[in-house]
Every structure is written in C-alpha cells, then in structure tokens.
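When a ligand or atom number is given, it counts from 1 through the structure's own listing order. Note that the coordinates shown come from a computational prediction; the quantities given were computed from them, not determined experimentally.
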Amino acid sequence: MSNGLVIIPTYNEIENVESIIRAVLALEKPFHILIVDDNSPDKTFEKVEFLQKEFKTQLFLQVRKSKSGLGTAYVHGFKWALQHHYDFIFEMDADFSHNPQDLIKLYDACQTREADMAIGSRYVRGVNVVNWPLSRVLLSYFASVYVKIITGMKIHDATAGFICYRREVLEKINLDKIKFVGYAFQIEMKYRTYCKGFKINEVPIIFTDRTKGQSKMSNSIIKEAVFGVISLRIKKLFNRL
Ligand SMILES: Nc1nc2c(ncn2[C@@H]2O[C@H](COP(=O)(O)OP(=O)(O)OP(=O)(O)O)[C@@H](O)[C@H]2O)c(=O)[nH]1
Ligand SMILES: [Mg+2]
C-alpha cells in the first residue's frame, strides 16, 4: 500500500507513457500511479494495460470515452484518489517536462505539513525553463503576473501543473464545480485552495520542454485562461466560489 498517488492524464503519449511509469515506480518512495487516458487514438491505454501485468498493485488506469480536456481528467482522477483513500495526491504530465525525482520534494513539503498544496514552480528564482521557445516562456510568465494582479494570490507560477495536494484540500473543494480545461484549470485549483485558507508552498523545479510526442496547447486554452481568471475573481466577489 502507498499513501501517495500520482495522477497522469494522457492523450497520445505512446512515446512517453512506459518510460514515465517506470521512472515514477523506480523512485525510492513507493508511489502509486493512476493514468487517465481519453481513448487515445495511438492506443496509449493498451501500453498501460500491458504494464499493469508487471505492476499489478501499483499501476491503475481509467479510460474515458473521448478527449475531454486535462481539467476533467484530473477531476476524475481526484475523485478516484479520494475513494481509494490516498493521503497525498499529485498532478504530473506524461511528457517528462516534470522530473519524476521532484515528486519527492513535493511530497516532503506536504508530508511535513509545511504545505497543504506544494507547487513545482518554474519562477521562484528567476526562470527555470529548458528548451521552451521564448514565446512560450513569455506567455507562461506573464500569465502568472496577470493572475497575481487580478486575484491577489502571491504565486509565482500560477499555471504550473506539477502539484502535490494533501487529501483534505481535495475533500474541501467542490470538484463538481470545476469546469475549466487547460491553463485555467491549474489557476482555478490554486485559487480555490487559496480561498479556502490552505497553505500553499512553491518548490523550485526545472521544467524541460517535451522531446517526444505532440503538445496539446491551443489558442482556445489561452482564451479560456484570460477570461477564466476574471470570471473566478467575479465569482469570489459574489461569494460563489
Ligand atoms: N486525458 C487527457 N490528457 C490530456 C488532455 N490534454 C492533454 N493531456 C495530457 O496532459 C499533459 C499535459 O499536456 P501537454 O500537451 O504536455 O500540454 P502542455 O504541457 O501545456 O504543452 P507542451 O509542454 O507544449 O506539450 C500530458 O500528459 C498530456 O498527454 C486531454 O484532453 N485528456
Ligand atoms: Mg507538456
């Protein structure tokens, strides 16, 4: 049994999925993994099913009918994690942008109760991003500045998707109300956690651009974030968060 579950949403990650699973399960801390796949056309889920024979008690899989966005994939995973009694629940990408070794740092921050939510942050000390085009770095960096101005949250990396939550946080947040799909989802989770008064810590990490597989970033994801932040702030004003 493990007290920590790493949720990894996947869509067409056939080139990454086996290595990321092996890298996480080789860590000295025995985490479990839940893959939430959206019926990937490249059959990522079949590779996971095959690996489940090797990692019977550590690797779990949920396959949804069709591509429905990263936000709802995580909400699905969070509910599964709570039902299965995990105390520490992680968000991580499949594409090795997040170094699996850093899971331990995030875990330690939450396990020692220093944090209820630990964020793997690119912008605590300068900008720690490897191989991203300047346009992506600027977009992501200024997105965080924008979020800080609108919401007042003092978080350097508001769109980060490498996170550890103590289960109490996910129990307190009404997961059925989460509707955002991309970057906005990451911002929304941080804002709801912040508004409930939980302790948020940023742990410095180095983020590396994916070398295999395709990005799912799109203009609609950016638009959702720009308007989403304003709508979150308005909801908060009317006490409807
Ligand atoms: N289940 C599911 N997973 C998704 C979906 N969209 C993205 N993902 C996964 O979410 C993680 C992050 O997606 P990325 O495409 O890497 O998005 P990003 O990190 O913003 O963009 P890049 O780093 O530029 O590729 C990856 O593991 C994706 O496979 C989706 O609609 N459903
Ligand atoms: Mg990525």
Under a 4.0 Å heavy-atom limit, does S215 contact ligand 1 with its side chain, its backbone, both, or neither? both
Counting heavy atoms only, name the option from R136, H76, K216, E91 that's nearest to atom 18 (P) of ligand 1. R136
Any idea which of H98, R210, M217 brings a heavy atom closest to atom 13 (O) of ligand 1? R210
Restricting to heavy atoms, the pick from T44, T10, L70 nearest atom 3 (N) of ligand 1 would be T10
For R64, is at least one N or O under 3.5 Å away from an N or O on ligand 1? no
Between ligand 1 and D37, is the shortest N or O to N or O distance under 3.5 Å? no
Near D93 (heavy-atom distance under 4.0 Å), the atoms of ligand 1 are 11 (C), 12 (C), 19 (O), 27 (O)
Exceeds 12 heavy-atom contacts within 6.0 angstrom, atom CZ of F198: yes
Say whether W132, considering both its backbone and side-chain N or O atoms, lies within less than 3.5 Å of an N or O atom on ligand 1. no
Would one find more than 12 heavy atoms of other residues, nucleotides or ligands at under 6.0 Å from atom CD of E168? yes
Nearest N/O/S atom of D95 with respect to the Mg ion (ligand 2), by atom name, please. OD2
Salt bridge check: are K79 and D176 linked by an N-O gap of less than 4.0 Å? yes
Centroid-centroid under 6.0 Å between F90 and F31 rings: yes
Does the side chain of E202 come under 3.5 Å of the side chain of H156 through a donor N or O and an acceptor N or O? yes
Shortest protein contact, atom 26 (C) of ligand 1 (heavy atom only): E13 OE2, 3.4 Å
Out of all atoms in ligand 1, which are within 4.0 Å of some heavy atom of A73? Include the element for each. 1 (N)
State plainly whether the residues E13 and K216 are in salt-bridge range, i.e. N to O under 4.0 Å. yes
Backbone, side chain, both or neither: what part of V36 comes under 4.0 angstrom of ligand 1, heavy atoms only? backbone
